[in-house]
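Heads up: the structure comes next, in structure tokens.
If you read the sequence from its start, that first residue is 1, and numbering goes on from there. Counting convention: from 1, in listed order, for ligands and their atoms alike. We use all heavy atoms of the structure for the numbers below, so side chains are in, but hydrogens, waters and symmetry mates are not.
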Amino acid sequence: MTITVLDREGVAAEEIPQAISLGQLHDAADQVNDELLPCRVNNSDLWFAESPQDVEFAKALCKDCPVQALCLDGALERREPWGVWGGELFLQGVVIPRKRPRGRPRKNEVAA
Ligand code: SF4
């Protein structure tokens with residue numbers, strides 16, 4: 001099976017073998033204009049942020065990335081220990097829905 005890099009703004013689509021290393025992701029990203037890669041044009045700390053809001057912002061930015069599918073598949077294969085990859089948040093090698101804020105959870109619900 002192969003994964004195709006999305007064709008964006010005249011950039012030729014390319015088929016990439018399924019076994020994806022970080023090097024292959026970088027090679028695919030290098031074939032795309034840097035301005036189309038959100039993690040290259042924004043503060044890369046967002047992709048490893050402590051703040052849940054910043055993490056959600058990074059996930060949203062990834063959705064428009066031309067190598068998003070390749071990035072996500074590679075992160076799943078490598079079982080990335082943490083950070084946002086391909087529009088998903090990873091923790092200890094698995095995708096989690098959202099980052100919890102720091103601190104203890106409340107014991108009781110607060111009335112609104
Ligand atoms: S999908 Fe997100 S983390 Fe992956 S290369 Fe694109 S912007 Fe960067």
Side-chain angles (χ1 to χ4, degrees):
M1 187 173 152
T2 57
I3 296 169
T4 302
V5 177
L6 297 177
D7 187 5
R8 296 270 171 99
E9 296 189 14
V11 176
E14 178 181 81
E15 292 187 343
I16 306 286
Q18 189 176 24
I20 304 154
S21 68
L22 267 179
Q24 287 171 307
L25 175 62
H26 285 284
D27 289 348
D30 285 345
Q31 296 173 28
V32 178
N33 187 330
D34 275 358
E35 294 174 10
L36 298 175
L37 298 171
C39 62
R40 290 198 180 170
V41 295
N42 291 279
N43 183 345
S44 58
D45 289 347
L46 279 175
W47 278 257
F48 301 95
E50 286 293 327
S51 148
Q53 292 84 3
D54 286 348
V55 167
E56 291 304 311
F57 184 49
K59 286 167 63 177
L61 290 172
C62 285
K63 300 296 181 192
D64 290 329
C65 180
V67 296
Q68 184 265 335
L70 181 69
C71 182
L72 177 59
D73 287 349
L76 288 167
E77 286 180 13
R78 294 187 305 275
R79 300 182 52 82
E80 282 291 340
W82 71 300
V84 173
W85 297 84
E88 299 290 348
L89 175 60
F90 282 77
L91 184 62
Q92 299 175 347
V94 297
V95 172
I96 60 171
R98 68 187 55 83
K99 185 171 182 64
R100 290 175 180 259
R102 286 185 160 228
R104 287 186 178 178
R106 295 180 189 269
K107 286 185 176 177
N108 301 316
E109 289 293 321
V110 176

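In this structure, Phe90 and Ile96 have side chains that are not in contact, with every pair of non-hydrogen atoms separated by 4.5 Å or more. Within the 4.5 Å cutoff, the side chain of Val41 has no heavy atoms near those of the Leu37 side chain.
Taking a cut-off of 2.8 Å, the protein N, O or S atoms nearer than that to atom 4 (Fe) of ligand 1 are Cys71 SG.
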Test log, rule side-chain contact (heavy atoms from CB on, under 4.5 Å), inputs Glu50 and Lys99: CA-CA 8 Å; Glu50 286 293 327; Lys99 185 171 182 64; 4.2 Å; yes
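The side-chain hydrogen bond (donor to acceptor under 3.5 Å, both in side chains) contacts involving residues 80-90 comprise Arg78-Glu80, where partners must be two or more places apart or lie in separate chains.
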Side-chain donor-acceptor contacts of residues 52-60 below 3.5 Å, not counting sequence neighbours, with atom names and distances?
residue	atom	partner	partner atom	Å
Gln53	OE1	Ser51	OG	3.0
Glu56	OE2	Lys59	NZ	3.2
Lys59	NZ	Pro97	O	2.8

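Scanning for salt bridge (Lys or Arg N to Asp or Glu O under 4.0 Å) contacts around Glu35 gives an empty result, with sequence neighbours left out.
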